[in-house]
Amino acid sequence: MTKAAAIYNFWSSFNLTAYEENSVPTGNDAPTFPYITFSFSSDSFGDEVAMSASLWYRSSSWVECNAKTEEISTRIGRGGVMLSCDGGAIWLKKGQPFAQNMSDDSDSMIKRKYLNLVAEFITE
């Protein structure tokens with residue numbers, strides 16, 4: 001599995017549709033809430049790369065968005081999570097701060113949680 005596929009599979013494992021942030025459909029094909037967007041960067045052995053993800057909900061409450069954030073936080077854990085990929089693994093860890101609430105100027109009902117992550121590539 002490629003590095004990109006490993007990251008995509010991780011974000012897709014939370015029962016929400018996941019999109020790489022540069023590949024989110026627009027117009028009539030725009031996703032319905034809730035969904036996840038994520039960034040992807042790649043590197044080689046021993047290098048750490050900043051990555052991010054956003055949870056997108058449309059609600060008057062933060063309850064569901066916060067619960068999904070906690071689910072993701074638990075999966076990553078204090079020591080991070082290893083994602084298998086071709087030639088080794090990706091060690092995905094929480095960045096600082098891990099999660100931040102964001103708003104959307106176009107719609108006050110949109111609840112966005114911005115997640116900071118660090119990926120260390122243990123690959124060839």
Side-chain angles (χ1 to χ4, degrees):
M1 174 182 328
T2 65
K3 296 171 190 176
I7 295 293
Y8 172 79
N9 285 346
F10 174 78
W11 292 115
S12 293
S13 70
F14 293 100
N15 296 317
L16 296 177
T17 304
Y19 301 95
E20 196 280 329
E21 66 185 2
N22 297 300
S23 300
V24 181
T26 59
N28 291 337
D29 296 324
T32 57
F33 295 97
Y35 61 94
I36 298 174
T37 58
F38 64 92
S39 67
F40 175 73
S41 299
S42 182
D43 215 321
S44 298
F45 184 78
D47 293 323
E48 290 188 343
V49 175
M51 289 191 193
S52 64
S54 290
L55 304 178
W56 298 87
Y57 283 77
R58 189 166 192 283
S59 173
S60 60
S61 167
W62 283 94
V63 171
E64 289 181 82
C65 190
N66 287 339
K68 188 60 71 174
T69 300
E70 287 304 312
E71 179 184 346
I72 293 167
S73 177
T74 299
R75 174 95 53 90
I76 295 171
R78 288 190 61 166
V81 63
M82 296 295 274
L83 310 176
S84 296
C85 66
D86 295 338
I90 303 166
W91 186 10
L92 193 62
K93 302 173 267 188
K94 295 177 192 176
Q96 298 295 320
F98 173 61
Q100 302 171 67
N101 288 358
M102 306 287 284
S103 62
D104 190 306
D105 292 337
S106 68
D107 185 343
S108 63
M109 295 283 286
I110 293 177
K111 307 297 185 236
R112 175 182 175 202
K113 187 76 77 168
Y114 182 83
L115 307 179
N116 290 302
L117 301 130
V118 175
E120 184 172 343
F121 290 86
I122 305 169
T123 57
E124 299 173 344

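- Checking side-chain atoms of Ser12 against main-chain N and O of Tyr8 turns up a donor-acceptor pair under 3.5 Å.
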Go through the steps for Ser60 and Met109 under the test side-chain contact (heavy atoms from CB on, under 4.5 Å), then give the verdict. CA-CA 6 Å; Ser60 60; Met109 295 283 286; 4.2 Å; yes

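- Between Ser13 and Arg75, the closest heavy-atom pair is OG-NH1, 2.7 Å.
- Of the possible polar contacts, none joining the Asp104 side chain to the Ile110 backbone as a donor-acceptor pair under 3.5 Å is found.
- Separating the CG atom in Leu83 from the CZ atom in Phe121 is a distance of 9.5 Å, to the nearest 0.5 Å.
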Between Thr74 and Ile72, does the side-chain contact (heavy atoms from CB on, under 4.5 Å) criterion hold? Intermediate values first, please. CA-CA 5 Å; Thr74 299; Ile72 293 167; over 6 Å; no

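- Scanning both residues, Lys94 and Gly77, for their nearest heavy atoms gives CE-O, 3.5 Å.
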Using the side-chain contact (heavy atoms from CB on, under 4.5 Å) rule, take Gln96 and Phe98 through it: C-alpha gap first, then chi angles, then the decisive distance, then the call. CA-CA 5 Å; Gln96 298 295 320; Phe98 173 61; over 6 Å; no

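- Distance check: Lys3 NZ to Asp86 CG gives 9.0 Å after rounding to the nearest 0.5 Å.
- Around CD of Glu64, the count of heavy atoms belonging to other residues, nucleotides or ligands within 6.0 Å does not exceed 12.
- Put simply, Met102 and Tyr57 are part of two different groups of oily side chains (I, L, V, M, F, W, Y) that touch within less than 4.5 Å, one to the next.
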Verdict with supporting geometry, Glu120 and Lys93, side-chain contact (heavy atoms from CB on, under 4.5 Å): CA-CA 8 Å; Glu120 184 172 343; Lys93 302 173 267 188; 3.1 Å; yes

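- For the pair Ser39 (side chain) and Ser52 (backbone), a donor-acceptor distance under 3.5 Å is present.
- Judged by distance alone, with hydrogens and angles left aside, the side-chain atoms of Lys68 form a donor-acceptor pair with the main-chain N or O of Phe14 at under 3.5 Å.
- When only modelled atom types and interatomic distance are considered, Asn101 and Lys111 share no side-chain donor-acceptor pair under 3.5 Å.
- Other residues, nucleotides and ligands contribute more than 12 heavy atoms inside 6.0 Å of the CZ atom of Phe33.
- Side-chain contact check for Pro31 versus Pro25: some heavy-atom pair is nearer than 4.5 Å.
- Between Glu48 and Asp43 there is no side-chain heavy-atom pair separated by less than 4.5 Å.
- Scanning both residues, Glu20 and Phe40, for their nearest heavy atoms gives OE2-N, 4.0 Å.
- Contact check on Asp107 versus Arg58 returns a salt bridge, with a Lys/Arg side-chain nitrogen under 4.0 Å from an Asp/Glu carboxylate oxygen.
- Atom OH of residue Tyr35 and atom OH of residue Tyr19 lie 8.0 Å apart, to the nearest 0.5 angstrom.
- Distance check: Ile122 CD1 to Ser44 OG gives 12.5 Å after rounding to the nearest 0.5 Å.
- Note that the CG atom of Leu16 and the CD1 atom of Ile36 stand 4.5 Å from one another [nearest 0.5 Å].
- Heavy-atom minimum distance, Gly79 versus Trp91: O-NE1, 2.8 Å.
- Note on ring orientation: taking the six-membered ring where Trp is involved, the planes of Phe38 and Trp11 are parallel (angle under 30°, cut-offs 30° and 60°).
- If you chain together hydrophobic residues whose side chains sit under 4.5 Å apart, Val81 and Leu115 fall into the same group.
- Across all their heavy atoms, Cys85 and Thr123 have their closest contact at SG-CG2, 3.6 Å.
- Of the inter-residue distances, the one linking Leu117 atom CG with Met51 atom CE reads 8.5 Å to the nearest 0.5 angstrom.
- Tracing side-chain contacts under 4.5 Å through hydrophobic residues (I, L, V, M, F, W, Y), one reaches Phe10 starting from Val49; they form part of the same cluster.
- Ala6 and Ile90 get closest at one heavy-atom pair: CB-CD1, 4.2 Å.
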